[in-house]
Amino acid sequence: MSSIRSWLMARGVDALLRWKSRAGLIRSALGRLNLPRARPIVGDRLWIGIAQTRLELAEDGASFAEHIGRLVAQAVEQGAQLVVFPEDIGFLLLGLLPGARVAAQATDWESAVRSAAGADVPVTDLLRVVAPGAWAVYRETFAEIAHRTGAYIMGGSLVLPDEASALYNVAFLFGPDGKIQAQQRKTHLFHLEKDWGLKAGDEIVVCELPNTRIAFPICMDHTFFEPIRVAYLHGAEIIIDPSANPERYDEPSEGRGVWGRVQESPAYGILACMVGTLAG
């Protein structure tokens, strides 16, 4: 009986996620926004917008798309041709799960997961359940906004499974045509990610814009010399640090990020940081 109940529950959550993440819902929400067009990149100058995003759960694809769309619109109106978002932007999409808002009031991750999914459920199982819906919303939102504005958008990261169901923290760059131009897996994991069973990537990606090369290693990657040096030696002139540090920032923690790395490898450094509180 318990296996039948679990199967029905899983099917119910799957159907709910599909409904909340459908493309039509996202396109309709974005259609209500006045999204300006970005100026084409010409010459040797690039204008960059940095979205300091608040960690607030989105209950469906529409609310996520509206939130992201407004931030991109603000940046493009001020001249941005590339807009960058922080690490773990996908955590906003935990709100797709039933009971997520109540669980988010917990003071630690373990209590939040117990509240959302019951006792003895690993965080990785919760992330795998939400991943298809989160990916559908993330991909459609950033692709559609990039296409409508003509801007490049580094959409920040979310946790996704590969073909073998191993979980990675992955960030994506969308081009003005709305297509994915590059993806970067986090190569150095924070201790929470290790505890959750995430896997580390093994490649630093450098990608071309019309007048420069950029790289976007993720958060903890900037704690170490080598990832940024690899990006620099492969021609990156702008190195983006999408970050969601679960600890409060102070001078020592900031010193281990992109601020220190670009003094060792003289590129431009961009820090896009998540703010707010979720489950403590």
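Quantities reported herein were computed from a predicted structural model and do not represent experimental measurements. As a basis for the values below, the full set of heavy atoms in this structure was taken, side chains included, without hydrogen atoms, waters or symmetry mates.
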Of all residues at least two apart in sequence or in a different chain, which pass the salt bridge (charged side-chain N to carboxylate O under 4.0 Å, His left out) check with Arg128? Asp125
Going by the side chain to side chain donor-acceptor pair (under 3.5 Å) test, which pairs reach into residues 133-143, not counting sequence neighbours? Arg27-Glu140
Can you pull out every side chain to side chain donor-acceptor pair (under 3.5 Å) where at least one residue sits in residues 16-26? Sequence neighbours excluded, please. Asp14-Arg18
Can you confirm whether Gln184 sits close enough to Ile204 that some side-chain heavy atom of one is under 4.5 Å from a side-chain heavy atom of the other? yes
Please report the shortest heavy-atom distance between Leu96 and Leu16, naming the atom on each side. O-CD2, 4.2 Å
Rounding to 0.5 Å, atoms CZ (Phe190) and CG (Asp88) come to a distance of 11.0 Å
For Glu56, the salt bridge (charged side-chain N to carboxylate O under 4.0 Å, His left out) test, sequence neighbours excluded, returns none
Flag yes if Leu25 and Leu94 sit in one hydrophobic cluster, no otherwise; membership is Ile, Leu, Val, Met, Phe, Trp, Tyr, and two members link when side-chain heavy atoms are under 4.5 Å apart. no
On a heavy-atom basis, which atom in Gly175 and which in Gln181 lie closest, and how many Å separate them? N-CG, 3.5 Å
For Asp162 and Arg185, run side chain to side chain contact (heavy atoms under 4.5 Å, CB included): C-alpha distance rounded to whole Å, both residues' side-chain angles, the deciding distance at 0.1 Å, then the answer. CA-CA 11 Å; Asp162 67 2; Arg185 287 177 173 174; 3.7 Å; yes
Measure the CH2-CG distance between Trp196 and Leu126 for me, rounded to the nearest 0.5 Å. 10.0 Å
Taking atom OG1 of Thr223 and atom CZ of Arg261, what is their separation to the nearest 0.5 Å? 7.5 Å
Val205 reachable from Val230 in the ILVMFWY side-chain graph, under 4.5 Å edges: no
Below 4.5 Å, heavy atoms only, C-beta onward: do Leu30 and Leu33 meet side chain to side chain? yes
Do Leu198 and Tyr168 make a side-chain contact, defined as non-hydrogen atoms from C-beta onward lying under 4.5 Å apart? no
Between the CE atom in Met274 and the CG atom in Leu55, the distance rounded to the nearest 0.5 Å is 5.0 Å
How long is the gap from NZ on Lys179 to CZ on Phe174, to the nearest 0.5 Å? 13.0 Å
Has Asp177 got more than 12 heavy atoms of other residues, nucleotides or ligands less than 6.0 Å from its CG? yes
Got a sec, which hydrophobics cluster with Ile239, joining ILVMFWY side chains under 4.5 Å apart, including via others? Ile228
Between Pro176 and Gly150, the two heavy atoms sitting closest are CB-O, 3.4 Å
Indicate yes or no: at least one non-hydrogen side-chain atom of Pro86 is less than 4.5 angstrom from one of Cys273. no
Under the side-chain hydrogen bond (donor to acceptor under 3.5 Å, both in side chains) test, residues paired with Glu87 that sit two or more places apart: Asn169, Lys186
Side chains of Phe85 and Leu71 in contact at under 4.5 Å (non-hydrogen atoms): yes
Taking only residues two or more places apart in sequence or in another chain, which ones pass side-chain hydrogen bond (donor to acceptor under 3.5 Å, both in side chains) with Thr277? none
Taking Phe64 as the starting point, is it possible to reach Val83 by hopping between hydrophobic residues whose side chains are less than 4.5 Å apart? yes
Heavy atoms, side chains only, cut-off 4.5 Å: are Ile89 and Ser157 in contact? no
Heavy-atom pair with the smallest gap, counting every atom of Gly69 and Leu35: O-CD2, 3.6 Å
Test your reading of the model: is there a side-chain donor-acceptor pair from Arg39 to the backbone of Gln81, 3.5 Å cut-off? no
Summary of salt bridge (Lys or Arg N to Asp or Glu O under 4.0 Å) pairs that have at least one residue in residues 213-233, sequence neighbours excluded: Glu208-Arg213
If hydrophobic residues (ILVMFWY) are linked whenever their side-chain heavy atoms come closer than 4.5 Å, directly or via other members, who joins Leu46 in its cluster? Ile41, Ile48, Ile50, Leu82, Val84, Tyr152, Met154, Leu173, Leu209, Ile214, Phe216, Ile238, Ile240, Tyr268, Ile270
Under 3.5 Å: donor-acceptor pair, side chain of His147, backbone of Ala143: no
Check whether any side-chain heavy atom of Trp259 lies under 4.5 Å from a side-chain heavy atom of Leu271, and answer yes or no. no
Indicate if Trp47 and Ile145 have the same hydrophobic cluster label, given that clusters are the connected sets of ILVMFWY residues with side-chain heavy-atom separations under 4.5 angstrom. no
Quick one: does any side-chain atom of Asn211 pair with a main-chain N or O of Arg45 as donor and acceptor, under 3.5 Å? yes
Tell me, which pairs form a salt bridge (Lys or Arg N to Asp or Glu O under 4.0 Å) where one or both residues lie in residues 145-160, sequence neighbours left out? Glu144-Arg148
I'd like to check the side-chain hydrogen bond (donor to acceptor under 3.5 Å, both in side chains) partners of Thr124; sequence neighbours left out, ordered by chain and number. none
Please name the pair of heavy atoms, one in Cys219 and one in Ala244, separated by the smallest distance, quoted to 0.1 Å. SG-N, 3.8 Å
I'd like to know if Leu92 and Leu192 are part of one continuous hydrophobic network [Ile/Leu/Val/Met/Phe/Trp/Tyr, side-chain heavy atoms within less than 4.5 Å]. yes
Donor-acceptor under 3.5 Å (Thr149 side chain, Arg37 main chain): no
Go through the structure and list residues passing side-chain hydrogen bond (donor to acceptor under 3.5 Å, both in side chains) with Arg32, not counting sequence neighbours. Ser28, Glu66
Can you name the closest pair of heavy atoms from His222 and Pro217 and give their distance? NE2-O, 2.9 Å
